[in-house]
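Just below is one structure, and these are the notes that go with it.
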Number of protein chains: 2
Amino acid sequence: MPLNSTYKDKKVISIGTVSELTGLSERQIRYYETRKLIFPERSKTGIRKYSFSDIEKLIEIANHLEEGVWTAEIRNEMKRRERALLKETPTTVT
Amino acid sequence: MPLNSTYKDKKVISIGTVSELTGLSERQIRYYETRKLIFPERSKTGIRKYSFSDIEKLIEIANHLEEGVWTAEIRNEMKRRERALLKETPTTVT
DNA sequence: CGTGTAAGGAATTCTGACACG
DNA sequence: CGTGTAAGGAATTCTGACACG
């Protein structure tokens with residue numbers, strides 16, 4: 001995934017657009033960042049920039065939260081998943 | 001292409017970011033729009049939104065202009081190319 | 001813990017125009 | 001024709017804080 005980065009991982013979308021695309025409030029999106037769930041980049045002047053991957057991640061996060069899962073739990077699960085990906089043979093397509 | 005739209009065609013990038021990514025001035029980017037070379041969408045409040053496709057197109061436009069081609073010419077060429085694509089069997093990959 | 005909101009400031013974008021060549 | 005710029009206003013984003021549960 002990190003090597004197969006196309007447009008999906010380019011951080012170019014600002015928070016207002018992300019809010020529209022995900023249905024989440026800007027407050028929520030910023031909060032998940034403090035909880036280490038997403039990692040937007042910043043323009044020189046401090047404006048947050050997100051990728052399409054971030055948007056997908058945010059939607060997952062929202063689903064988990066609706067089910068009552070804590071952000072800390074979500075974070076653990078994401079870490080687990082990343083570790084799994086590292087061991088996996090990179091035969092994953094799309 | 002219009003059917004195979006992924007993230008590449010989603011209009012979510014604002015002009016400042018497009019300017020950075022292409023190296024063109026905002027003035028130039030807006031001007032090419034008046035010349036019917038690119039067609040950004042607008043947020044409800046009027047902010048222009050571009051796609052990665054638009055960015056690729058802009059880079060092509062810039063190359064043509066450097067060679068002294070007029071915007072009118074570039075526009076004709078783009079039209080020609082679109083017509084060609086319509087006749088083509090969709091075996092195009094990537 | 002997760003999220004809403006009002007507050008004040010800084011950065012972004014928009015349009016129409018004057019300018020030059 | 002293609003592009004720069006100053007001008008004024010509108011929309012966006014940022015942070016830190018108070019609030020509720």
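Chain A is the first sequence line, chain B the second, and so forth, proteins listed ahead of strands; every chain is numbered from 1.
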Where B/Ile74 and B/Ile61 come nearest, the two heavy atoms and their spacing:
CD1-O, 4.0 Å
I need the CD1-C1' distance between B/Ile29 and C/dC14, as an integer number of Å.
14 Å
How many angstroms lie between NZ in A/Lys57 and CG in A/Leu37, if you round to the nearest 0.5 Å?
8.0 Å
CD1 of B/Ile38 to CD of B/Glu56, rounded to nearest 0.5 Å, is 13.5 Å
Test item: side-chain donor near acceptor, A/Asp9 and A/Ser51, under 3.5 Å
no
Heavy atom of residues 38-58 of chain B under 4.0 Å from DNA chain C: which residues?
B/Arg42, B/Gly46, B/Ile47, B/Arg48
Taking every heavy atom of B/Ser14 against every heavy atom of B/Tyr50, the minimum-distance pair comes out as C-CD1, 4.4 Å
By the ring-ring contact (aromatic ring centres under 6.0 Å, His included) test, which pairs, at least two apart or in different chains, include something from residues 9-45 of chain A?
none
Can you sort out the partners of B/Lys11 under salt bridge (Lys or Arg N to Asp or Glu O under 4.0 Å), two or more places apart, ordered by chain and number?
B/Asp54
Those stems involving DNA chain D that have three or more consecutive Watson-Crick or G-U pairs, both distances under 3.5 Å, are C:2-5 with D:17-20, C:17-20 with D:2-5
Nearest 0.5 angstrom please: B/Arg35 CZ to B/Trp70 CH2, how far?
10.5 Å
Gap between atoms CD and C1', on A/Glu33 and D/dT15 respectively (whole Å)
12 Å
Atom pair distance, as rounded to whole Å: CG in B/Leu24 and P in D/dG2:
14 Å
Which salt bridge (Lys or Arg N to Asp or Glu O under 4.0 Å) pairs, counting each pair once, include a residue from residues 59-71 of chain A, with sequence neighbours left out?
A/Glu60-A/Arg81
Salt bridge present between B/Glu20 and A/Lys49 (N-O < 4.0 angstrom)
no
Reading nucleotides 3-8 of chain D 5' to 3', which nucleotides get B (base under 4.0 Å from a protein heavy atom), which S (sugar-phosphate only), which -?
BBB---
For atom CG of B/Leu37 and atom P of D/dG2, their distance in whole Å:
9 Å
